[in-house]
Each structure stands twice: as C-alpha cells, then as structure tokens.
Chemist: 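Dumping the structure here so I can ask a few things about it.
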Amino acid sequence: MENAIFDTLNDRQREAVLCTEGPLLILAGAGAGKTRVLTHRIAYLIDELGVPPYEIMAITFTNKAAEEMKSRVRSMVDFGESVWVATFHSSCVKILRRYIDRLGYDQDFVIYDTDDGKAVVRQALKALDLDPKMFKERAMLSLISAWKNEMISPEEALSDAGFDYRKEKEARIYASYERLLRKNNALDFDDLLLKTVELFRKEKDVLSYYQNRFRYIMVDEYQDTNTVQFELVYLLAKAHRNICVVGDDDQSIYRFRGADIRNILEFEEKFPGAKVVKLEQNYRSTTSILDAANAVIRHNRGRKEKHLWSENGTGAAVEFREYGSGNEEAEEIIRKVARETKLRGRSFKEFAVLYRTNAQSRLFEERCIAMNIPYRLVGGVNFYQRAEIKDLLAYLRTVATGRDDVAVRRIINVPKRGIGDTTVEKLQLYAAEHGISLMDAIGKAGEVPGVSRALPKLQVFAHLIGELREEAKTRPFDDLIRLVIEKTGYYGTLTELEKEKAEDKKENLQELIAKAKDFEVNWEDPEPPCLTDFLEEVALVADVDSMSEDDDRMLLMTLHSSKGLEFPTVFLAGLEEGLFPSYMSIDSGDPMDIEEERRLCYVGITRAMKELYISSARSRVLRGDLVYNNVSRFVRELPDSVWSEEIKEPRGFSNRFASRGSDDFSRKFNKFSVEKPEPAKPREKPAFGLSFEIKKADALDYGIGDRVNHQRFGEGVVKEILDGAKDYEVVIDFDDYGEKHLFASFAKLVKI
DNA sequence: GGTTGGAAACTTTTT
DNA sequence: GTTTCCAACC
C-alpha cells in the first residue's frame, strides 16, 4: 500500500483494515485503536477500492462516537460526508421518516422518552382498571422494553403467559401501552429499532433498497447490541455479507438494557466463515494500569481470552486508599486535583472521577464548589429530561402535531390555569369515545359532559395553542421558545420556587433557546428544518454527547458514561461491597450479574492513561442513613505487583500496620454483610496502600540461598529472612532490580 | 374542584 | 436526597 496514512497501523490493525469482503469480527481491547481501524478501513474502501462513500454505513451507539467518526472520516477522504455514520437510533429514525407510513403511522411521529412512557403506562393501567401499586410503572416499562428488545409482540406475550394471572395482566398492559402509543402516533426508543425491523420484514422492496444501498456495514461497540439490533444488522447485511463488527466482550456493560453478549461470542456461528482479528496492543495506558485491568477481568468466566499489553512503560503504580467516610474520600480526591493543578500546572480536564451510581456525584460536586475547582457533571439528570425543559418541549410537541396526548396532558395545567385531573379525565374519556385526540376534545370542550366550570379556562388554553401554531409557521425555533415562555408566563411559576433553583431553571431554558438557535444555524439540508426535526434531535441526545473538549474542567461521571473516553488521571471511587458491585447484583444470586459489574470495573480501570487511584469509604450516607460497607471484592482481585511501589516505601508500610489490625482485614474482605462494625472515626487519617489479609505463614517454603520468582521483579536469590511479629520479612537480591525487602505474605514468592 | 404542604417511599447503570 | 402521595385547605 502506497498511502502513508496506513503506515501508522500495526500488523493486526492493518489486517483488519485490508479484510473488506465477508464477515469480520474485530476483538478490540480497550485503547487498542478501534476507531482508528474503522476510519482507516473506510478510507481504504473509498480511496483504494473505489467504493462510493454512500455505500458505506457505520453504526455507533452514542452520538459522540458518531460525531468523532464523522469528523475523522471527513478529514481523511473526499466526500467523507456521504458516508452514513449514525447511531442505531438515529439511523432507524431516518429510515422510518421515509417509510413508516407503510406500517400505518404518520411520518411526523414523535419519540417518547421514559417519562412519557411512564405516563402511558399510567393511562394503560387506568384503562384496564388495574391497581398502580400492583404494577409499578418503572417495572412495567422495563418489562415492556425487554419484550421489545426480544421482539416479542403483545399477542405473543399474552399467549406465553398461559394461566398465570399476573403475567396475563402484564401482557394486557403491554398491549394497551402499544395501542396508546399508536393512537398518539408515537414511538418509544425500542420501537425505533423494532419498527424498522418490522418494516424490513414486511416490505421487501424497502429492505432490498437498503441492502443495495449499504454494501459495506460496520458496527461499533458490537458487544452492546441486543436482539433487535442484531436482527437489524443481520437483515441489512445478509445480502452482501460485508459486515464488520468491532467490540470487546470484556466491555459489555449494558445487559440490563437487553445487550446480549452472545451476539459477539457467537458471531462466527451467526456469520459462518467470519474472520476474527484480535487487537491486544493498547496505546492508551501504562503497564501498571493494564496489569490491574487484566488481573481483575481474569476472574470472569464467559469471555474470549485476551491479554492487553502496551509499550508505554510501567508508569506510576496504581494506588488504593480506604477513607473513613464518603465525605473524606471526596475531599481528599478533590484536594489532590487542586494540588496537582496548582503546583504542577496540570489542567483540570486531565482528571476524572468515576463512580458506580449517580447519587455519589453530589459529594464530589460539593467539594469542587467549596474548593473552587471547575468541574463538569456528566449524566445524572439529562439536560433534556429536566422538568422545565420537558415542559417547554411538550409545548412544542403540542404545537407541532396535536395528536400527542401525553404532551398535552403534561402542559395543560402548567403553569397552573385551574384545569385539574378530573376535567382532564373527562376530556380524555370523551376523546376516547369519539376517536379524537385530547387536543381536539379540548377544542370541543363545550360538548363534553361534566365540563362547565373549567370551560373558559380550556378555551383560553386552546386559543393559546392555536396562536402558537400560527406563530410557529414563521418564527425560528429559538424565537418560538421565547414566545412560549412569554405567553404562558412560565417564569411566573418559577419565582415561587427557591431563588437558586428558579435561577437554575431559567438558565436551562436560556440554554435550550441557544441550542435551538444552534440547531437551525447548523442545519445542512437545503430544505428548512421543521419542528419535528428539532424535537427528534433533542429526543436522541445523551448527556455525554454534549461534552466539549475545550473547556478546562475536571469530569465527574458514572462508569457507564465513561465508556469510550480516556483521561490522564482517573479516580475510581466507592469500591465497596454493596455499592460496587451493587447490592442488586450481589443479591440476585446470578453470577452473570457480578461478572457485568466486574466488566464495569474493567472499563473504569482502562479509562486511565497514566495514573489510577482507587478508593473506598468505610462509611457513607446512602439514601439518608449511614451504612458501613466492606472493601469491594474487585480491590482484592488487583495484582500484588500493582502495589509494589508502596512496598518499597517503609513509611507507608508501617503506617499500614499501625492503623489496621488483622481482624479488620478479615472483616473487610468478608462478603457484604448487614452487620455493622464500630463506627469509623470521622477525621482519622486514611492509611495508604492496600491492606491484604496478613497471615503469617507457619513456615516458608523457601530458605536463604534459594532462587525465587516474583510476579513483578522476576527472579532473584533469597539473602535473608527476618522473623517479624506479624510476618516474615524477606530480603531478596533480584537479577534485574537489585536488593529488595519484601513481606512474605505480600510478595507471593515462588521457589524455583 | 383545585391547590398546597407535609409525610412517605424509593434511587444501579441509560441509548 | 428526591419524587410521589394524600389530606387538609381554598
């Protein structure tokens, strides 16, 4: 190959790039340059094989990944913008906007998020006269989602239920939920995929159009695909079989969302004759960090054997610290960031704190504010899920379609205009009886039985929406949003809240206005965008997507959000039994749940480029009350060699003995228990280093003069053995590292 | 019939 | 800590 850009690839990467025909599975370890492989592969197809760019499809999971790939492809090849690079969900939306009429929907369908979905479940329960306490919204939604991911229809769910009362009711709720969505001309997240598959199965001409259109298909993060997604890819690829999937089974962390790890483990069976390329050289992290990652993930059973390695050098040792409390953990971590940035001139964005649950973020946020550290909180409540934003968007949805009952219900009394639940129920009933939408029923409120007192208020509301619809025809979106705020007197409701919160909400609304403007300015199609386009964009963005690289702030996020990102210094916080791994996964009794948590830990470790600090807290406040957790099992799975820097420091070492008795260790490493040990002293200085269970051996199986092997230092000769109170101290002269003093129980020396 | 404030109950992770 | 529920008020 003459092209210089391909010279920067290693042999395995090049192999993956050159294998363009037929099914290909790229098993890419963390930081092994999979995005580079994908983009180079696209460039190779276009530049070397002359494939037209529009015949190439690359599917990702997040918008951020899609954006990154888009910009890389554009900078590498001419007409790069013609390559179809999009997320699963937005790809499906694009297809459905063109052809969904074949499934009996209008093309301007709206997309419901989980909040809307909850409202629909509530309505379904009411329609079926079922007790909402018996069938929880959230549980029902995840059940429905699971059914959809498995492509099980309401009818099938019903027949599967047999004579089980509960299952039968659940299936009926599902059926009712479906009817309501269809009536509102709405699709939920799962529908986007499911309806596309339905479309392909039903309309052969549509399927073959897209099969011919996408002659080369690439799927990123393949380990996170679920059954519908697999089916979608399978349908598209089965004609030409040029399907390349990239993934890492060790980074599969979305099982709870229906991701099926078997999709990657069984790829070769699903696509016979598939070629497999493993990328194991890591370009991101130091060897210390990779050792830690490898050691932890080794404890999982169902996985493809891999061993990450790098040429980046050993680097700083991974450090573990146990703090007295969650507060102290946050304080020390943020203090460390403050020191590093102030004293060593490092920038804030080099640091990231990763945690298991969103609830943990607050502690770090508070410390950042207190210490004046600029930070960015990723995830938590998604910008577009905030109440005020959703309210405004519900107005826009109502203005845009008029069929969206869920949106109308949300805003009919926001701000308060004296239209209560009873009135809405009557209107809804009337609408159902006459087969019209809620908004239409409001227009005819005079004819609705039982509506008298609320009638003038309803007329005002209907008039308001009518007016906004008129204005929407000419105004740009940002202007329209301003108008909604003004006409509804939305800010009026906010001032009643505490000042600070109201300010926050106003700022959020300003940001929404800015985003709307942005959207219009960046619109690329010659056709001007309509309100539906904007609402669609907004429905499909995640929080990570809007993370910008340029502002210098440290990052706080869950382990899930951190996937695909990298940071010079990572703090993995809250490594405690019950928190991480979560009590849910411990209690379920399914070892697969713990394995998923372990993969999550692996993802967290491999985000780090140069430094990794792992920590836990002995006590922390969880939903109001103080709990005492044991150190996570994952900490114990970390390799001894990782801690050797500490062992070289006698000072840290003696500290460790001074502050921790061995009873403490056995308690800590016991399985998660509810038994509460004595409370931690709040301001106690934390001990450095990892405290392994120190158990003095009765006798050592090596003596002075023997050659022994150490995991990290290699081979050496035992010079001296000192009998200490709690352990033997062994002096070894290593061939490569010289003389070292090690403790027998830590060093795990093996006689050769 | 609608609003409001306080008590109760629930928080794993999210495209 | 935060969202939902209910009962007393308007």
Side-chain angles (χ1 to χ4, degrees), chain A residues 59-66 86-93 111 113-115 117-118 122 132-133 136-139 141-142 145 148-149 188-193 220-221 224-226 228-229 252-259 354-363 365-366 378-382 384-385 387 412-413 415-426 450-455 457 493 496 501 539-545 557-564 574 578-588 593 596-597 599-601 603-604 620-625:
Chain A
I59 308 180
T60 63
F61 270 81
T62 64
N63 294 299
K64 191 180 164 67
T87 64
F88 267 106
H89 290 90
S90 68
S91 296
C92 288
V93 173
I111 302 165
D113 68 7
T114 18
D115 264 10
K118 275 185 194 168
R122 249 196 307 273
K133 287 211 176 72
K136 296 261 180 268
E137 289 159 15
R138 256 176 48 115
L141 270 188
S142 55
S145 174
K148 290 190 176 186
N149 288 162
D188 64 19
F189 281 127
D190 303 312
D191 278 339
L192 296 176
L193 304 157
D220 194 13
E221 306 279 12
D224 287 328
T225 50
N226 60 30
V228 210
Q229 285 161 337
S252 164
I253 54 174
Y254 285 108
R255 201 163 79 104
F256 69 93
R257 208 172 66 192
L354 309 181
Y355 37 78
R356 177 70 241 268
T357 66
N358 279 309
Q360 286 163 264
S361 67
R362 168 158 264 98
L363 293 173
E365 248 191 303
E366 282 168 358
V378 179
V381 191
N382 184 329
Y384 291 105
Q385 272 160 228
I412 191 163
N413 203 25
K416 302 255 184 307
R417 18 177 107 79
I419 303 168
D421 282 346
T422 0
T423 307
V424 176
E425 282 314 312
K426 282 171 192 157
V451 175
S452 54
R453 204 137 61 107
L455 183 59
K457 297 163 188 166
T493 61
E496 290 166 30
K501 277 194 178 165
L540 296 177
V541 291
D543 212 37
V544 227
D545 300 335
M557 65 180 92
T558 63
L559 287 151
H560 282 90
S561 310
S562 76
K563 195 161 80 158
L579 189 63
F580 187 27
S582 85
Y583 68 95
M584 291 281 209
S585 62
I586 297 172
D587 292 350
S588 81
D593 285 343
E596 173 128 330
E597 298 275 316
R599 290 193 290 270
L600 199 51
C601 185
V603 166
R620 76 168 61 241
V621 179
L622 235 57
R623 43 176 131 130
D625 45 28

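So you know, we letter chains A, B, ... as the sequences are listed, proteins then strands, and number each from 1. Reckoned from all heavy atoms, side chains included, excluding hydrogens, waters and symmetry mates.
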Chemist: Can you tell me how far C1' of dT13(B) sits from CZ of Phe189(A), to the nearest Å?
Modeler: 16 Å
Chemist: Could you state the CZ-C1' distance from Arg599(A) to dT14(B), rounded to the nearest angstrom?
Modeler: 16 Å
Chemist: Rounded to the nearest Å, what distance is computed from the CD atom of residue Gln385(A) to the P atom of nucleotide dT3(C)?
Modeler: 12 Å
Chemist: So, Asn413(A) side chain and Gly418(A) main chain: donor-acceptor pair closer than 3.5 Å or not?
Modeler: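 Indeed, once roles are kept as given, a pair shorter than 3.5 Å links the two residues.
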Chemist: Which whole-number value in Å describes the distance from Leu600(A) CG to dT14(B) P?
Modeler: 10 Å
Chemist: Nearest whole angstrom, please: distance from the P of dT4(B) to the CG of Asp421(A).
Modeler: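 Interatomic distance, CG of Asp421(A) to P of dT4(B): 14 Å.
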Chemist: Please tabulate the protein-to-nucleotide N/O contacts below 3.5 Å involving nucleotides 7-12 of chain B, giving atom names and distances.
Modeler:
residue	atom	partner	partner atom	Å
dT12(B)	OP2	Tyr583(A)	OH	3.2
dT12(B)	O2	Arg356(A)	NH1	2.5
dT12(B)	O2	Arg356(A)	NH2	2.4

Chemist: Side chain to side chain contact (heavy atoms under 4.5 Å, CB included), that's the test. Do Ile253(A) and Leu600(A) meet it? Break it down for me.
Modeler: CA-CA 6 Å; Ile253(A) 54 174; Leu600(A) 199 51; 3.7 Å; yes
Chemist: Here's a test of your reading of the structure: between Leu193(A) and Gly418(A), which maps to the more 5' nucleotide of DNA chain B?
Modeler: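 Whichever sits nearer the 5' end wins; that is Gly418(A).
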Chemist: Can you tell me if Arg356(A) uses its side chain to pair, donor with acceptor, with the backbone of Leu579(A) under 3.5 Å?
Modeler: no
Chemist: How long is the straight-line distance from NE2 of His89(A) back to CD1 of Ile59(A), given to the nearest 0.5 Å?
Modeler: 11.5 Å
Chemist: Return the orientation label for the Tyr254(A) and His560(A) ring planes: parallel under 30°, perpendicular over 60°, tilted otherwise.
Modeler: tilted
Chemist: Roughly how many Å is it from CD in Glu425(A) to P in dG1(B), rounded to a whole number?
Modeler: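 In whole Å, dG1(B) P lies 12 Å from Glu425(A) CD.
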Chemist: Does Thr423(A) put a side-chain nitrogen or oxygen below 4.0 Å from OP1 or OP2 of dG2(B)?
Modeler: yes
Chemist: Please report the distance separating the P of dT3(C) from the corresponding atom of dT14(B), rounded so that it comes out in whole Å.
Modeler: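 Looking at atom P only, dT3(C) and dT14(B) are 16 Å apart.
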Chemist: Is any side-chain heavy atom of Thr558(A) less than 4.5 Å from a side-chain heavy atom of Tyr355(A)?
Modeler: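 Thr558(A) vs Tyr355(A): side chains touch.
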Chemist: Phe61(A) and Gln229(A): side chain to side chain contact (heavy atoms under 4.5 Å, CB included), yes or no, with the steps?
Modeler: CA-CA 11 Å; Phe61(A) 270 81; Gln229(A) 285 161 337; 3.7 Å; yes
Chemist: Is the shortest side-chain N/O distance from Asn413(A) to OP1 or OP2 of dT3(B) below 4.0 Å?
Modeler: yes
Chemist: Which value, in whole Å, describes the distance between the C1' atoms of nucleotides dT13(B) and dT4(C)?
Modeler: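 One C1' to the other, the span is 23 Å.
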Chemist: Each nucleotide N or O in nucleotides 7-10 of chain C that has a protein N or O under 3.5 Å away: list the pair and distance.
Modeler:
none

Chemist: Indicate whether OP1 or OP2 belonging to dG1(B) is found under 4.0 Å from a side-chain N or O atom of Lys426(A).
Modeler: yes
Chemist: Would you kindly give the CG-to-P distance between Leu559(A) and dT14(B), to the nearest whole Å?
Modeler: 10 Å
Chemist: Starting at CG of Leu193(A), measure out to CG of Asn149(A) and round the result to the nearest 0.5 Å.
Modeler: 7.5 Å
Chemist: Test side chain to side chain contact (heavy atoms under 4.5 Å, CB included) on Gln360(A) and Thr357(A) and set out the steps.
Modeler: CA-CA 6 Å; Gln360(A) 286 163 264; Thr357(A) 66; 3.0 Å; yes
Chemist: Are Arg362(A) and Glu365(A) within salt-bridge range, i.e. N to O under 4.0 Å?
Modeler: no
Chemist: Would you say dG2(B) has OP1 or OP2 under 4.0 Å from some side-chain N or O of Thr422(A)?
Modeler: yes
Chemist: Whole angstrom is fine here: how far is it from NZ in Lys563(A) over to C1' in dT15(B)?
Modeler: 11 Å
